[in-house]
Amino acid sequence: MSVLRLAIASPLRRPFDYLPPPDMEPAQVITLQPGVRLRVPFGSREVTGYLLAVTRDSELELSALKPALTLLDPVPLVDARLLELCLWSADYYQHPVGEVMSALFPRALREGRNHQEAGETAWRLSIHGQGLPAGALSRSPRQAQALALLQQGDTVAARRFREKGISNAILAKLREKGLVENCLLPPPAERPEPGPGLDLNPEQSTVMADLRRSPRGFSCHLLEGVTGSGKTEIYLQLIADCLERDQQALVLIPEIGLTPQTLERFRQRFGGGIAVLHSGLSDARRYEAWEAARSGRARIVIGTRSAVFTPLENAGLIIVDEEHDSSYKQQDGFRYSARDVAVKRGQLSACPVLLGSATPSLESIHNALAGRYQLHRLTRRAGSARLPTLSALDLRRQELRAGLSPPLIEAVGETLRSGQQALLFLNRRGYAPTLQCHDCGWIAECMACDARLTVHRRQRRLRCHHCGAARRLPPECPDCMSQSLLVTGLGTEQSEEFLRQQFKQWPVFRVDSDSMQGRGAMQALVEEINRGQPCVLLGTQMLTKGHHFPGVALVAVIDTDALLFSPDFRGEERMAQLLTQVAGRAGRSDQPGRVILQTHYPDHPALQGLLRHSYQELAREMLERRRAAGLPPAGQLLMVRSDCADAGRGEGFLQRLREAAAEALPRGCNLIGPLPSPMQRRAGKFRSQLLLTAPGRREGQAAARLLVQQAEALPAGGGLKWSIDVDPTDVF
Ligand code: ADP
Ligand code: ZN
Ligand code: ZN
């Protein structure tokens, strides 16, 4: 008797055994391939399972196994390499394999719908019909006409019959006679037609030649190129090579809604054949794009994080743009890094992987220096643009208005008067981060989080930026009824208000997640800005993501200090990346830009590092310090987190886990904690964490398995959730 071993989306980290569907022949059962979907009973529900293997035995009594209900796919919809990627990911990230597998499929397929190939309904002659001579069926002219149409070509879309006034009923009659049959007319393959590439400058040419020279099969490349150095042009030309070899290219980008221009450039260069996958798609559109990628109809697949799992017919190249971007890491559920999974995918698919960034992650630089990745550099801006000059503006003893010092206000004015654009960066939305009572000291805090509520003046609300809670702006202090409430600190709304008053003749655009709601809002704004009229752009991190603003001559960071003091061990790396990226928005065309960093700590070593050195040099210094501290990318970090309404119980669970795991830990591993997580209370739950440092991947992987095994064996009790995060990013 054969047993079907299935992966099922469930928090349980084990496969589930079933008997084959009762009506299936044993001969068919043994030919089932891993990856096919089946409907199975699961508790009181019916769910979709994914075949991992057909085996002969089970840990359970065969009589205890339930039969599967139906087989959904005769052959797997995804290929063996993608399945292997899932198995690897489930193991590496210690996440239940069923949940990883279900992430492969669009919703309809996860829910057990039959797979529908894309295409329009059409008709063709049956074998019997093919034997008919031309001019047959002359006694019923409509049927004869339909037949004649089919005799001219192979397959004719149902639409074309309707256009000629031949109804479905006529075709149904022909089908009854066994002369015609239904089929699907696959949508025409959209062949991209690459337009001519730009003439590469000498640096680009060298990089391109090196990339082309790398041997067939897997290799991983890091393209470290300053902002505007022409990385995207390299991507485009590599993709053209890939298409030439008749293979597909997968391109990951951090965010699509915010960077419509990137997509536009791909469309302009290649015309058709591009499928786009991101979280904003409707289920139907997602299915369409997924199917186009899977069937090979789409030759270029562009997507955000989860697109790394898109099935491809013939992968020839994987590109991860802005590889340092934190949005590649999923922070809940299946906590994977799309960048790292992309590298693994390249390995399994024997195709090259290119990671690109102006500010590569220390992980990737480490891998490049260790020789695992080939390093390619672009040190100059493409075309005529020059890199901007950075300077610190000492805020001490300056009179600030909405966070802006007199010299900055003057610089913005000058920029506008000379017909250019200014971009101001402030990474805090809302009006102000604190509402405080001047009489008793009360501060508006979120009821569910360890966080203050942000004042949103326009909406007349207090909002929590962590759990989304919102309430009306109180007219008086709830504790002492005083009406003197102070609004302290600074947010984008407040700076916007000031800038509008100060620079009345010019438009001020605010760009944050409050102001940029709805599809196309960003695109419309980008178009407006790129018309080049003088204006002030004020925004959060949203503004820094890969935009090209050729008219921006001045960039200023209003609150550099907020970036300087982060407790996380990646704080300095993040700051350096962010400031370099913000600075990179300036001077994209022929005039060099100017970058002003407002700070109370002009001598802060991290800031000085950035002013004196390039990101490239600074990154290598930071890497040294990480090595000395034994922190990633030296060694590996794991985190087990508990999440519970009772703080003591969560921490107690981690304490017992620590004790249970301590003896069996691989050599060189250390446990830290349990400790309260940063912002311990969030949406009403208390979070604590146990960290593990391992000297290398091998030890880290063994420790991850051990921790999960031990945690599963511990009684957690209701209401306590725990999770493991392999290579966590926000730790301290
Ligand atoms: P990056 O991706 O590194 O930010 P891009 O590829 O977007 O850089 O290039 C920046 C700008 O320079 C774009 O406007 C692009 O069209 C232009 N550019 C890139 N390569 C060349 C080249 N070889 N010759 C002229 N202009 C170029
Ligand atoms: Zn008060
Ligand atoms: Zn909250």
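Quick caveat: nothing in here was measured; it's all calculated off a predicted structure. Positions are given from 1, in the same order as the sequence printed here.
A heavy-atom distance below 4.5 Å is not found between the side chains of Thr454 and Arg429. Using a 4.5 Å heavy-atom cutoff, the side chains of Leu263 and Val276 are in contact. Here the side chains of Arg687 and Ser642 are not in contact, with every heavy-atom distance at 4.5 Å or above. Taking 4.5 Å as the limit, every side-chain heavy atom of Tyr431 sits out of range of all side-chain heavy atoms of Leu490. You'll find the side chain of Phe509 stays beyond 4.5 Å of the side chain of Val536, heavy atoms only. Using a 4.5 Å heavy-atom cutoff, the side chains of Phe309 and Val341 are in contact. Annotation: side chain of Pro406 is in contact with side chain of Gln398 (closest heavy-atom distance under 4.5 Å). At least one side-chain heavy atom of Val301 sits less than 4.5 Å from a side-chain heavy atom of Leu277.
Distance check: Ser102 OG to Phe334 CZ gives 10.0 Å after rounding to the nearest 0.5 Å. Taking CG of Leu554 as the start and CG of Leu537 as the end, the distance is 11.0 Å to the nearest 0.5 Å. Between the CD1 atom of Ile558 and the CG atom of Leu408 there is a distance of 7.0 Å, given to the nearest 0.5 Å. Here Leu462 contributes atom CG and Gln459 contributes atom CD; the two are 11.0 Å apart, rounded to the nearest 0.5 Å. Put simply, CD on Glu573 and CG on Leu618 are 10.0 Å apart, with the number rounded to the nearest 0.5 Å. Within the model, atoms CG of Leu638 and CD1 of Ile724 stand 5.5 Å from one another, a figure rounded to the nearest 0.5 Å.
Between the side chains of Gln331 and Thr729, at least one donor-acceptor pair of N or O atoms lies under 3.5 Å. Neither side chain, Gln680 nor Asp450, offers a donor N or O lying under 3.5 Å from an acceptor on the other. Ser357 and His324 form a side-chain donor-acceptor contact under 3.5 Å, judged by distance and modelled atom types alone. Side-chain atoms of Ser364 and Ser361 include a donor-acceptor pair closer than 3.5 Å. A side-chain donor-acceptor contact under 3.5 Å links Thr359 and Gln581. Residues Glu497 and Gln501 bring no donor and acceptor atom of their side chains to less than 3.5 Å of each other. A side-chain donor from one of Glu99 and His95 sits under 3.5 Å from a side-chain acceptor of the other. Between the side chains of Ser677 and Gln689, at least one donor N or O sits under 3.5 Å from an acceptor N or O. Neither side chain, Thr540 nor Asn427, offers a donor N or O lying under 3.5 Å from an acceptor on the other. Side-chain atoms of Ser482 and Asp439 include a donor-acceptor pair closer than 3.5 Å. A donor-acceptor contact closer than 3.5 angstrom is absent between the side chains of Gln436 and Thr434. If you check the side chains of Thr492 and Arg428, you find no donor sitting under 3.5 Å from an acceptor.
Looking at Tyr328, its side chain does come within 3.5 Å of a backbone N or O of Leu252 through a donor-acceptor pair. At least one donor-acceptor pair under 3.5 Å links the side chain of Glu617 to the backbone N or O of Ser614. Judged by distance alone, the side chain of His604 and the main-chain N or O of Ala606 form a donor-acceptor pair under 3.5 Å. Between the side chain of Arg381 and the main chain of Thr227, a donor-acceptor pair closer than 3.5 Å is present. Put simply, the side chain of Gln421 never gets that close to the backbone of Thr415: no donor and acceptor are under 3.5 Å apart. Under the 3.5 Å distance criterion, the side-chain polar atoms of Gln533 are left unmatched by any main-chain donor or acceptor of Ile529. Looking at Ser495, its side chain does come within 3.5 Å of a backbone N or O of Ala402 through a donor-acceptor pair.
Between Trp722 and Phe653, the angle of the ring planes stays under 30°, which puts this pair in the parallel group of the 30/60° scheme.
Here the shortest heavy-atom pairing between Ala432 and Gln494 reads CB-NE2, 3.9 Å. The two residues Pro360 and Tyr615 have their closest heavy-atom pair at O-OH, 2.6 Å. Here the closest non-hydrogen pair linking Pro728 and Arg570 is O-NH1, 3.1 Å. Considering all non-hydrogen atoms of both residues, Ala645 and Phe686 come closest at O-CD1, 3.3 Å. Across every non-hydrogen atom of Ala392 and Pro602, the tightest pair is CB-CB, 4.4 Å. The two atoms that bring Pro674 and Leu654 nearest to each other are CB-CB, 3.6 Å, heavy atoms only.
A salt bridge is defined here as a Lys NZ or Arg NE, NH1 or NH2 lying under 4.0 Å from an Asp or Glu carboxylate O, and Arg641 with Asp643 fails to meet this definition. Of the charged side-chain nitrogens involved, none lies within less than 4.0 Å of a carboxylate oxygen, so that Glu621 and Arg626 do not count as a salt-bridged pair.
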Decide yes or no on salt bridge (Lys or Arg N to Asp or Glu O under 4.0 Å) for Glu496 and Arg500, but give the supporting numbers first.
CA-CA 6 Å; Glu496 178 194 17; Arg500 280 185 198 279; 2.7 Å; yes

Could you walk me through whether Leu611 and Leu597 pass the side chain to side chain contact (heavy atoms under 4.5 Å, CB included) test, one step at a time?
CA-CA 10 Å; Leu611 294 177; Leu597 309 175; 4.1 Å; yes

Using the rule given for side chain to side chain contact (heavy atoms under 4.5 Å, CB included), can you reason through Leu543 versus Phe549, listing the C-alpha separation, both sets of side-chain angles and the distance that settles it, and then say yes or no?
CA-CA 10 Å; Leu543 261 182; Phe549 297 128; 3.9 Å; yes

Assess the residue pair Arg681 and Cys449 against the criterion (side chain to side chain contact (heavy atoms under 4.5 Å, CB included)); give the C-alpha distance rounded to whole Å, side-chain angles, the decisive distance to 0.1 Å, and a yes or no.
CA-CA 5 Å; Arg681 195 169 53 112; Cys449 307; 5.6 Å; no

Please report the C-alpha distance between Leu486 and Leu435 in whole Å, then the side-chain angles of each, then the deciding distance to 0.1 Å, and finally whether the side chain to side chain contact (heavy atoms under 4.5 Å, CB included) criterion is met.
CA-CA 6 Å; Leu486 298 176; Leu435 181 70; over 6 Å; no

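The only member of Arg471, Met447, Arg463, Glu445 that meets side chain to side chain contact (heavy atoms under 4.5 Å, CB included) when paired with Leu453 is Arg471.
Every ring-ring contact (aromatic ring centres under 6.0 Å, His included) that Tyr601 has, sequence neighbours left out, goes to Phe565. Here Arg286 pairs with nothing under the salt bridge (Lys or Arg N to Asp or Glu O under 4.0 Å) rule; sequence neighbours left out.
For the pair Arg401 and Phe498, the cation-pi test (distance below 6.0 Å, angle within 45°) is failed.
Around atom NE2 of His600, more than 12 heavy atoms belonging to other residues, nucleotides or ligands sit under 6.0 Å away. By the 6.0 Å contact criterion, CD on Gln505 is enclosed, its count of non-hydrogen atoms from other residues, nucleotides or ligands being greater than 12. Shown here is Arg625, whose CZ atom has more than 12 heavy atoms of other residues, nucleotides or ligands within 6.0 Å. The environment of Arg649 atom CZ is dense: over 12 non-hydrogen atoms of other residues, nucleotides or ligands sit within 6.0 angstrom.
Sorted by first and then second residue, the salt bridge (charged side-chain N to carboxylate O under 4.0 Å, His left out) pairs with a member in residues 325-339 read Glu323-Arg339, Asp325-Lys545, Lys329-Asp725; sequence neighbours excluded.
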